[in-house]
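The shown structure was predicted, so the numbers you read here are calculated from the model rather than taken from an experiment. Side chains are part of it too, since the values below use all heavy atoms of this structure and drop only hydrogens, waters and symmetry mates.
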Amino acid sequence: MTTLTQYGRMAEKHWREHLPKMVQELEATGQLQEALSEAEEKTKDEMEEITRKLMSEQGYTPDQAERTAWEMVRERYILVPPEEP
């Protein structure tokens with residue numbers, strides 16, 4: 001089992017609070033840790049790609065590019081919209 005980074009821990013906290021049915025299903029099938037690891041990997045990969053593009057194509061500073069990339073990617077994998085009640 002791999003140790004989660006800040007993104008994985010953030011995803012787990014958010015998912016447990018806002019997506020309890022999904023978490024329960026993932027836990028029941030033993031796939032929660034895999035899903036969290038995948039979410040953090042996809043987040044890191046996309047953020048790196050977007051950060052590079054923003055810096056090279058639009059002249060962003062590294063900090064600006066990273067913050068903008070986070071805002072663009074975070075709701076895809078980490079801060080997923082909540083389940084319907």
Side-chain angles (χ1 to χ4, degrees):
M1 180 153 105
T2 59
T3 303
L4 297 173
T5 66
Q6 67 181 11
Y7 296 133
R9 291 189 306 270
M10 184 185 300
E12 183 172 17
K13 183 177 188 272
H14 177 81
W15 293 4
R16 285 188 184 282
E17 184 176 340
H18 299 284
L19 302 148
K21 291 176 191 169
M22 182 184 85
V23 169
Q24 186 176 20
E25 290 171 12
L26 289 169
E27 285 181 321
T29 58
Q31 296 178 319
L32 179 62
Q33 288 301 312
E34 181 181 333
L36 291 167
S37 293
E38 186 176 314
E40 71 181 9
E41 275 303 308
K42 286 181 177 181
T43 298
K44 284 190 269 184
D45 291 347
E46 284 191 33
M47 281 187 62
E48 286 175 13
E49 182 180 332
I50 292 168
T51 298
R52 279 194 305 271
K53 282 185 178 181
L54 290 172
M55 289 177 4
S56 66
E57 296 174 9
Q58 298 186 24
Y60 281 46
T61 66
D63 186 54
Q64 290 171 322
E66 189 172 322
R67 282 186 284 127
T68 301
W70 168 244
E71 289 173 8
M72 295 170 72
V73 174
R74 65 186 176 201
E75 291 180 4
R76 290 183 196 161
Y77 310 109
I78 305 296
L79 303 179
V80 179
E83 294 171 343
E84 293 296 319

- Message: Going by the rule side-chain hydrogen bond (donor to acceptor under 3.5 Å, both in side chains), which residues pair with Gln31 if we only count those two or more places apart in sequence or in a different chain?
- Response: Thr29
- Item | Lys21/Glu25 under salt bridge (charged side-chain N to carboxylate O under 4.0 Å, His left out): CA gap, chis, key distance, verdict | CA-CA 6 Å; Lys21 291 176 191 169; Glu25 290 171 12; over 6 Å; no
- Group every Ile, Leu, Val, Met, Phe, Trp and Tyr by side-chain heavy-atom contacts under 4.5 Å, then state whether Val73 and Met10 land in the same group. yes
- Message: Hydrophobic clustering (ILVMFWY, side-chain heavy atoms < 4.5 Å, transitive) - are Leu26 and Leu4 grouped together?
- Response: yes
- dist Thr51:OG1 -> Trp70:CH2 (nearest 0.5 Å) comes out at 12.0 Å
- Message: Do Tyr77 and Leu36 land in one hydrophobic cluster if side-chain heavy atoms of ILVMFWY residues count as linked below 4.5 Å?
- Response: no
- Query: Same cluster for Leu19 and Leu32 if Ile/Leu/Val/Met/Phe/Trp/Tyr side chains link at under 4.5 Å?
  - Reply: yes
- Selection residues 17-52 - residue pairs positive for ring pair (Phe, Tyr, Trp, His ring centres under 6.0 Å), sequence neighbours left out: His14-His18
- Task: Output all residues satisfying salt bridge (charged side-chain N to carboxylate O under 4.0 Å, His left out) with Arg9, sequence neighbours left out; order by chain, then residue number.
- Result: none
- Query: Which pairs count as salt bridge (charged side-chain N to carboxylate O under 4.0 Å, His left out) when at least one residue sits in residues 70-85, sequence neighbours excluded?
  - Reply: Glu46-Arg76
- Task: Group every Ile, Leu, Val, Met, Phe, Trp and Tyr by side-chain heavy-atom contacts under 4.5 Å, then state whether Trp15 and Leu79 land in the same group.
- Result: no
- Residues passing the salt bridge (charged side-chain N to carboxylate O under 4.0 Å, His left out) test with Lys13, sequence neighbours excluded, are none
- Item | Partners meeting side-chain hydrogen bond (donor to acceptor under 3.5 Å, both in side chains) with Glu49 (sequence neighbours left out) | none
- Message: Nearest 0.5 angstrom please: Met47 CE to Thr68 OG1, how far?
- Response: 9.5 Å
- Any residue meeting side-chain hydrogen bond (donor to acceptor under 3.5 Å, both in side chains) with Thr5, in chain and number order, not counting sequence neighbours: Glu40
- Message: Going by side-chain hydrogen bond (donor to acceptor under 3.5 Å, both in side chains), name the residues that satisfy it together with Tyr7, two or more places apart in sequence or in a different chain.
- Response: none
- Partner residues of Glu34 under the salt bridge (charged side-chain N to carboxylate O under 4.0 Å, His left out) criterion, sequence neighbours left out: none
- Task: Locate the shortest heavy-atom distance separating Ala69 from Ile50; write the atom from each residue and the value.
- Result: CB-CG2, 3.7 Å
- Task: Could you pull out all residues at least two apart from Glu12 that satisfy salt bridge (charged side-chain N to carboxylate O under 4.0 Å, His left out)?
- Result: Arg16
Show the atom names and distances, to 0.1 Å, of all donor-acceptor pairs under 3.5 Å that link a side chain in residues 57-64 to residues at least two apart or in another chain.
| unit_1 | atom_1 | unit_2 | atom_2 | d |
| --- | --- | --- | --- | --- |
| Thr61 | OG1 | Gln64 | N | 3.1 |
| Thr61 | OG1 | Gln64 | OE1 | 3.2 |
| Asp63 | OD2 | Arg67 | NE | 3.0 |
| Asp63 | OD2 | Arg67 | NH2 | 3.0 |
| Gln64 | OE1 | Thr61 | N | 2.9 |

